[in-house]
Amino acid sequence: MAIAGLACGAIALVLIWFSVIGLVVAIAGVGLSVIGLTRADQGHADSKVVAGIGLASAAVATLAWLTFFAVAILS
């Protein structure tokens with residue numbers, strides 16, 4: 001789950017510039033990364049760092065998309 005979250009976060013950082021699909025991928029990345037972190041905390045996985053990086057990149061992509069959207073609405 002952590003690697004999928006990281007991949008979604010990285011892809012979302014690119015897709016936020018193009019469409020709403022970037023937001024969907026970013027939200028999926030956040031969800032998958034949280035699941036990966038939970039599984040790592042429970043001892044079922046060893047990829048806590050990967051999940052953390054995935055969560056950070058997906059969160060940045062989500063906040064960037066929301067910022068761009070807000071600027072587009074307000075201008």
Show me the donor-acceptor pairs within less than 3.5 Å that the side chains of residues 38-48 make with the rest of the protein, sequence neighbours left out.
from	atom 1	to	atom 2	distance (Å)
Thr38	OG1	Val34	O	2.8
Asp41	OD1	Lys48	NZ	2.8

Determine all donor-acceptor pairs shorter than 3.5 Å in which one atom belongs to a side chain in residues 2-13; sequence neighbours excluded.
none

Review item, side-chain donor-acceptor pairs of residues 65-75, under 3.5 Å, at least two apart:
from	atom 1	to	atom 2	distance (Å)
Trp65	NE1	Ser19	O	3.4
Thr67	OG1	Leu63	O	2.7
Ser75	OG	Val71	O	2.8

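Between Gly54 and Ser57, the shortest heavy-atom distance links the atoms O-OG, 3.1 Å.
Here the side chains of Leu23 and Ile16 are not in contact, with every heavy-atom distance at 4.5 Å or above.
Val30 and Leu37 fall within a single hydrophobic cluster, where Ile, Leu, Val, Met, Phe, Trp and Tyr side chains are chained together by heavy-atom contacts under 4.5 Å.
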